[in-house]
Amino acid sequence: MKKLLLATTAVALSAGAVAAEDIKIGVILGFTGPIESLTPQMGAAAEMAMAEVNASGALLGGSTVTSVRGDSTCIDAGAATAVAERLITSDGVKGIMGADCSGVTGAILSNVALANGIVMISPSATSPALSTAEDNGLFFRTAPSDARQGVVMTDVLLEEGIDTVAVTYTNNDYGKGLADSFQAAFEAAGGTVTINAAHEDGKADYSAEIGALAAAGGDRLVVAGYVDQGGSGIVRAALDSGAFDTFHFPDGMISAKLVENFGSDLDGSSGQVPGTDSAGAGIFAAMAGDDFDGTSPFAAESYDATALMVLAMQAAGSSDPAAYKEKVMEVANAPGLKIEPGQLGLALQAVAAGIDIDYEGATAVELIGGGESAGNYRQVGYEGGAEITVKYR
């Protein structure tokens, strides 16, 4: 197969159908802000995919891809849109791998990407509102919607015998969307949410919030926040006051930093984060090696988001977003030659040869609806001061 692809691709390229270019891709993530402990791995994963593509020499007549980084801050919509504008108008990016947090992602989409016709593939924006946002076919995501996460959270908690919880969420699109999705799913399944209350990031003292949560009660405190911001502040206040001693953590809290912050105080707690035990996940982690933590949340999704963008360009025969946006779903889903991490060169050759591909990547990619991930999750627990994988869902 590989020899056939190489021969066929050589013929296609010799025909001079595509002129080589340096294609810039924006990598917009919160390199500062409430998830800054996660984004170095996400950025490195995206750029690993680009390096793999460049090493193959198989993209669009020998074209290369170059990363242009931008800081979304995760929380400042004005700063995020300004960065996106700069990357598009000054740097000339042909697509955006990002953004990360839901609020800034929605702001970039509505204020910048739509106006400029730029494709965005987010590895981590999970707000259900993004499923119905006006996008003109430009927006995709490799992380599942929180409508799905709310159901998974419900299943995890009920299976652990927890049917009464208090909920606190970071006061933004991500936090509210997730908290509302979870409450609807949990109560529909017979559970009780005693309180569903917002918290603001950046506070030095969360004792008032913990007082209200404790007064409402619950067998476990659900913390739909950010590990590098108010979420960890809430956990510290709860532990110090004795209001709660076990917690449930959605994806914005799952991180090596959480264990570093609280150690064995987390024992008995639970959580979930997008993840899969597919063969591709193991290959990706091995490829990351010592360069970055390939098991870090949303790193695999970042590799896959970048890979899908480049493969769609190849399928369209163009780096023009107006052309390649039509090919993202096609390269992501069956039928076709299954593609795993480390096989981007093979995938590019196959597409050039007119062979359909089914990109599975590092996260068992399947895009549904308007272009969002169907969703797999890794359920976690905490024992002996360490995070453990309980199972995959």
Point-to-point distance, once rounded to the nearest 0.5 Å, from CG of L158 to CZ of F186: 5.0 Å
Distance in Å, M42 CE paired with F292 CZ, rounded so as to fall on 0.5 Å steps: 11.5 Å
Sole candidate of T126, T154, D251 that passes side chain to side chain donor-acceptor pair (under 3.5 Å) when paired with Q149: D251
Close side-chain approach of V351 and I357, heavy atoms under 4.5 Å: yes
Side-chain (D91) to main-chain (V93) donor-acceptor, under 3.5 angstrom: no
V227 backbone acceptor or donor facing S232 side chain under 3.5 Å: yes
Backbone of S37 reached by a side-chain donor or acceptor of D228 within 3.5 Å: yes
Selection residues 274-285 - residue pairs positive for side chain to side chain donor-acceptor pair (under 3.5 Å), sequence neighbours left out: none
H199 versus G230, closest heavy-atom pair with distance: NE2-C, 3.9 Å
Heavy-atom side-chain proximity of S302 to M97 below 4.5 angstrom: yes
Test item: S373 side-chain N/O and A143 main-chain N/O as donor-acceptor pair under 3.5 Å: no
Heavy-atom donor-acceptor pair, D201 side chain to Q229 backbone, under 3.5 Å: no
Nearest-0.5 Å distance that lies between atom CZ in R378 and atom CD1 in I388: 10.5 Å
Aromatic centroids of F284 and Y303 separated by under 6.0 Å: yes
Smallest separation among heavy atoms of A238 and L221, with atom names: CB-CD2, 4.4 Å
Hydrophobic cluster membership, L308 vs I283, 4.5 Å side-chain cutoff: yes
Expected output: side-chain D304 to main-chain V365 donor-acceptor under 3.5 Å: no
Main-chain N/O of F31 paired to D71 side chain as donor or acceptor, under 3.5 Å: yes
same_hphob_cluster(Y382, V273) at 4.5 Å side-chain heavy-atom cutoff: yes
Enclosure of D245 CG (heavy-atom neighbours >12, cutoff 6.0 Å): no
Within the 6.0 Å centroid threshold, strictly below: Y174 and Y226: yes
Note: K391-E159 ion pair, threshold 4.0 Å (strictly below): yes
Minimum side-chain heavy-atom gap D180-Y169 below 4.5 Å: no
N-O pairing of K203 and E200 below 4.0 Å: no
Donor-acceptor pair, side chain of S296 and main chain of Q41, under 3.5 angstrom: no
Inter-residue atom distance M287.CE - E340.CD, 0.5 Å rounding: 11.0 Å
R220 bridged to E160 by N-O distance under 4.0 Å: yes
